[in-house]
Structures are given as C-alpha cells and as structure tokens.
Amino acid sequence: MPGGSAYLDLLDGQFPDVAWLRQAGCDLDGAIAEIDAQLGWMIESKDPSDAAANDMAAYYSRFGVSRQTVEAARVKLAGLRGQR
C-alpha cells in the first residue's frame, strides 16, 4: 500500500484535477473509493512495533506525516464523492 508524505503531496496536487473531472461528469467512484481505502489503511493499520494507536511519534515514524494530515485528506476526498 502506498503511504507517506510523498503520496499525500501527490494526492493533494491532484484534488483540483479530480474536482474538475467530477464537474465534467466523469465517473470516478471506483478511483475515489480505492484512494479512500488506502488512506483508511494508513489510519487503521496496526503499528508493527505494537505502539498504541494514539502514539503520534510512532505514526509519524511509519509514514512521515501526521495522522491528522491523513484524516484531512480523507475529508477532502469525501467532498468529491458523488459530485456528478
């Protein structure tokens, strides 16, 4: 599964394009669902070191980005669901 700051930077740069494609009537439901699943995996996956789910330092060391940043990307993505 992709993850990390590079993935989120790439995704963030594509939000305007996805919004434009949605406004043009393109069906992106499958792609948006897959991206959401990847972001969900980043949030819900168990830390290999058995760190607690709320251990932000362990989370950052795994993905190079804060959990809040991943959650914000999911919120942004949710705003693009069903816009046809």
Shortest non-hydrogen contact from [X] toward [Y]:
X   : Y   : answer
R81 : I32 : CG-CG2, 3.9 Å
L39 : L8  : CD2-CD2, 3.5 Å
Y60 : S66 : CD1-N, 3.8 Å
G64 : S5  : O-CB, 3.5 Å

Are [X] and [Y] close enough that some pair of their side-chain heavy atoms sits under 4.5 Å apart?
X   : Y   : value
S49 : R62 : no
E34 : L28 : no
V70 : Y59 : yes

*Co-membership, hydrophobic cluster, residues M42 and M56, 4.5 Å side-chain*: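 No, M42 and M56 fall in different hydrophobic clusters.
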> Would a hydrophobic clustering, with Ile, Leu, Val, Met, Phe, Trp and Tyr connected at side-chain separations under 4.5 Å, put W20 with L80?
Replying inline: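 Hydrophobic grouping puts W20 with L80.
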From T69 atom OG1 to D9 atom CG, the distance as rounded to the nearest 0.5 Å:
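The distance works out to 9.5 Å.
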Output the distance between atom CH2 (W41) and atom CG (D36), rounded to the nearest 0.5 Å.
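With rounding to 0.5 Å, CH2 (W41) is 14.5 Å from CG (D36).
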(message) Go through it in stages, so that I can follow the logic: the residues are R74 and I35, the test is side chain to side chain contact (heavy atoms under 4.5 Å, CB included), and I'd like the CA-CA distance, side-chain angles, deciding distance and then a yes or no.
(response) CA-CA 9 Å; R74 277 189 105 182; I35 294 166; over 6 Å; no
